[in-house]
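Everything below concerns the one structure shown next.
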Amino acid sequence: MRSIQIKKVVTKRLQQDFSGQQFSTAALRQLFLPVLIDRTFLIMFGFINTALISASGSATIAAVNMVESLNVFLVSMISAVALAGTVLVARDFGAGRTNKVSKVMTTSILITLLTGISFCLSMLLFKGPILQGIFGSAQAEVLSISRFYFLGVLLTYPSLAILEGINGVLRGINRTKSTLSISLFTNLLYLTFSLILVIGLKQGILGLIFAMNLSRILGAIFALRLLLTSMREDGFKLSRVTQISRHQIISVIKTSIPFASEQLFFNGGKIIMQMIVVQLGTSAIAAHAIVSTLAPMSEIIPVSLSIIIIPIVGQSLGQKNPRDAKKMTRVFLIYDSLMVYAMDLLVMIPALPLLMRLFHVAGDVQPIVRQAYWVVVIFHGLAFACFAILPAALKAARDAVYSTTVSLVTMWGIRVILGYLLAKTCHLGVLGIWLAMSAEWLVKDVILYARFKRKEWQ
């Protein structure tokens with residue numbers, strides 16, 4: 001009887017928190033669950049990737065981690081254009097300007113695709129000098145593996161850009177079920193191909209490359225079909241797809257610049273941090289890679305909410321309803337922190353010994369992983385929730401310049417400089433890297449929350 005009463009109280013509280021003048025609890029659930037499943041699959045497949053290659057040794061883990069730091073940097077630029085499409089589509093869709101939605105959708109996808117192609121071609125031409133310049137202090141074996149893996153990753157960029165562009169515009173019109181279908185289709189193909197090629201046929205890195213390319217090409221074809229179906233069902237005129245104006249192109253590019261700038265500063269700083277880690281040796285690179293794989297497991301909910309807060313704030317402000325925008329941002333911040341701590345303390349810490357065995361962590365690497373991961377646990381719930389939610393909400397409210405400036409200052413002024421001092425000068429190694437990262441989260445949170453409290457939303 002008591003448990004039933006508690007359930008009723010909790011349910012009532014959740015309904016009060018996750019509802020507003022424009023968004024009902026059911027509407028938010030429909031928006032959130034597909035994104036949550038999408039992010040869960042995405043992070044889980046990164047987790048599976050590391051597990052699949054871990055049997056090949058620390059050198060392979062180090063090589064893949066090095067390339068992934070550069071890959072995340074480039075993909076974030078592609079995603080920034082797609083996010084711009086989400087903001088613009090959400091505003092026009094929320095304001096009822098359906099005549100403009102098709103044009104914005106097509107323009108966003110086109111520019112996202114062109115961004116992906118340009119990165120693919122330019123990086124293919126200069127991949128050798130780039131890897132040598134950034135990670136030249138790594139061991140020769142690690143560099144050799146990284147060159148081959150980077151080549152395979154680059155070939156996926158055109159199809160990845162199509163996927164990112166279509167997912168972005170579909171979220172802007174609340175078609176998150178379609179984005180979930182795309183994610184499930186693409187990632188399940190990737191998992192199937194990876195198991196066959198890596199585990200079954202013992203193809204290692206080559207197997208991962210083929211699995212990644214095949215799944216993304218087929219996923220892009222599937223996404224195009226869903227996009228056309230969604231446009232017909234929502235009553236958008238397909239004839240407008242060909243009417244791309246210069247104004248729309250400029251609008252997408254201008255909106256994407258703050259997103260891209262923040263990702264440039266953020267992931268550019270991460271590359272610098274990776275360069276510092278490379279100087280610490282192969283064991284340190286492997287330890288950093290494993291902690292970087294484990295930490296996102298607790299970040300699934302914050303990252304998911306940071307994605308859906310963009311259309312929520314965009315549509316709320318498009319309908320002149322700042323109350324919902326402010327309320328949902330506050331609610332997301334509170335529940336994010338609670339869920340991160342719950343995941344870290346109730347799941348990840350008890351499972352850490354098992355995860356060590358799963359990743360075939362070498363004896364000299366295990367103490368480094370444990371120390372760094374405890375730093376993550378302590379600061380995760382306290383700082384990461386704000387770190388994920390506030391920049392997204394402020395950018396959706398067209399306050400992107402301030403958020404981007406804060407990201408620039410904190411990333412380079414705290415994470416990079418403090419990370420170097422702690423890791424190299426104070427000889428804390430990987431532990432120093434994660435302490436500096438946590439310090440950056442905290443400082444950025446304080447600054448952005450003060451901005452959030454003072455901001456006049458319109």
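Atom set for the values below is all heavy atoms of this structure, side chains included, hydrogens, waters and symmetry mates excluded.
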task: List the steps and the verdict of side-chain contact (heavy atoms from CB on, under 4.5 Å) for R39 and V35.
output: CA-CA 6 Å; R39 291 297 100 181; V35 177; 4.2 Å; yes
- request: Run the numbers on H288 and W434 for side-chain contact (heavy atoms from CB on, under 4.5 Å), then give the verdict.
  value: CA-CA 9 Å; H288 183 64; W434 285 92; 3.2 Å; yes
task: For I349 and W374, run side-chain contact (heavy atoms from CB on, under 4.5 Å): C-alpha distance rounded to whole Å, both residues' side-chain angles, the deciding distance at 0.1 Å, then the answer.
output: CA-CA 9 Å; I349 289 299; W374 268 109; 4.0 Å; yes
- request: For the pair F222 and F185, evaluate ring-ring contact (aromatic ring centres under 6.0 Å, His included) and give the outcome as yes or no after the intermediate values.
  value: CA-CA 8 Å; F222 180 69; F185 180 82; 4.4 Å; yes
message: What verdict does the side-chain contact (heavy atoms from CB on, under 4.5 Å) test give for F359 and V369, after you've listed the backbone C-alpha separation in whole Å, the side-chain angles of each residue and the deciding distance to 0.1 Å?
response: CA-CA 11 Å; F359 288 130; V369 173; over 6 Å; no
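L390 places none of its side-chain heavy atoms less than 4.5 Å from the side chain of K444. Proximity of M77 to L74: side-chain heavy atoms (C-beta onward) are nowhere separated by under 4.5 Å. Counting heavy atoms from C-beta on, the side chains of L227 and I109 come closer than 4.5 Å. No side-chain heavy atom of P391 sits under 4.5 Å from any side-chain heavy atom of S407. Annotation: side chain of L448 is in contact with side chain of Y402 (closest heavy-atom distance under 4.5 Å). A 4.5 Å side-chain heavy-atom check between V313 and I310 finds every atom pair outside the cut-off. Considering only heavy atoms from C-beta on, S69 comes within 4.5 Å of F135 through its side chain. Using a 4.5 Å cut-off on side-chain heavy atoms (C-beta onward), M212 and Y149 make contact.
A donor-acceptor distance shorter than 3.5 angstrom exists from the side chain of T86 to the backbone of G168, with no hydrogens or angles considered. For S181 (side chain) and K177 (main-chain N/O), a donor-acceptor pair under 3.5 Å exists by modelled atom type. For the pair T229 (side chain) and R225 (backbone), a donor-acceptor distance under 3.5 Å is present. When atom types are taken as modelled, the side chain of N71 and the backbone of V67 share no donor-acceptor pair closer than 3.5 angstrom. With hydrogens and angles disregarded, no donor-acceptor distance shorter than 3.5 Å links the side chain of T410 to the backbone of E440. No donor-acceptor pair under 3.5 Å is formed between the side chain of S108 and the backbone N or O of V104. Between the side chain of T186 and the main chain of S183, no donor-acceptor pair closer than 3.5 Å is present. In this structure, S251 contributes its side chain and H247 its backbone to no donor-acceptor pair below 3.5 Å. Looking only at distances, a side-chain donor or acceptor of R91 sits under 3.5 Å from a matching main-chain atom of A396. When atom types are taken as modelled, the side chain of Y341 and the backbone of I378 share a donor-acceptor pair closer than 3.5 angstrom.
In this structure, the separation between CH2 on W412 and CD1 on I272 is 4.0 Å, given to the nearest 0.5 Å. Separation of atoms CD1 (I417) and CG (L422) is listed at 12.0 Å; rounding is to 0.5 Å. With values rounded to the nearest 0.5 angstrom, S159 atom OG is found 9.5 Å from I221 atom CD1. With values rounded to the nearest 0.5 angstrom, I166 atom CD1 is found 9.5 Å from L113 atom CG. Taken to the nearest 0.5 Å, the CZ atom of R323 stands 12.5 Å off from the CE atom of M328. In this structure, the separation between CG on L358 and CG on L354 is 6.5 Å, given to the nearest 0.5 Å.
Summarising the geometry of A423 relative to I433, their closest heavy-atom pair is CB-CD1, 3.9 Å, with the distance given to 0.1 Å. Taking each heavy atom of S403 and K395 in turn, the nearest pair found is OG-NZ, 4.2 Å. Residues V375 and S438 come closest through the heavy atom pair CG1-OG, 3.6 Å. Here the closest heavy-atom approach between residue K103 and residue T107 is recorded as O-OG1, 2.7 Å. Counting all heavy atoms, side chain and backbone alike, A392 lies closest to I309 at CB-CG2, 3.6 Å. Closest of all the heavy-atom pairs between L208 and S194 is CD2-OG, 4.1 Å.
A donor and an acceptor atom, one from each side chain of T156 and R216, are located under 3.5 Å apart. With hydrogens and angles left out, the side-chain atoms of Y190 and N213 include no donor and acceptor closer than 3.5 Å. Using modelled atom types, one finds a donor on one side chain and an acceptor on the other under 3.5 Å when comparing S79 with E164. For D344 and S298, the side-chain atoms include at least one donor-acceptor pair closer than 3.5 Å.
Y420 OH: 12 or fewer foreign heavy atoms inside a 6.0 Å radius.
Under the 30°/60° scheme for interplanar angles, the aromatic rings of F384 and W441 are found to stand perpendicular.
Here the rule is side-chain contact (heavy atoms from CB on, under 4.5 Å) with L88, and of V169, V252, L83 only V252 fits it.
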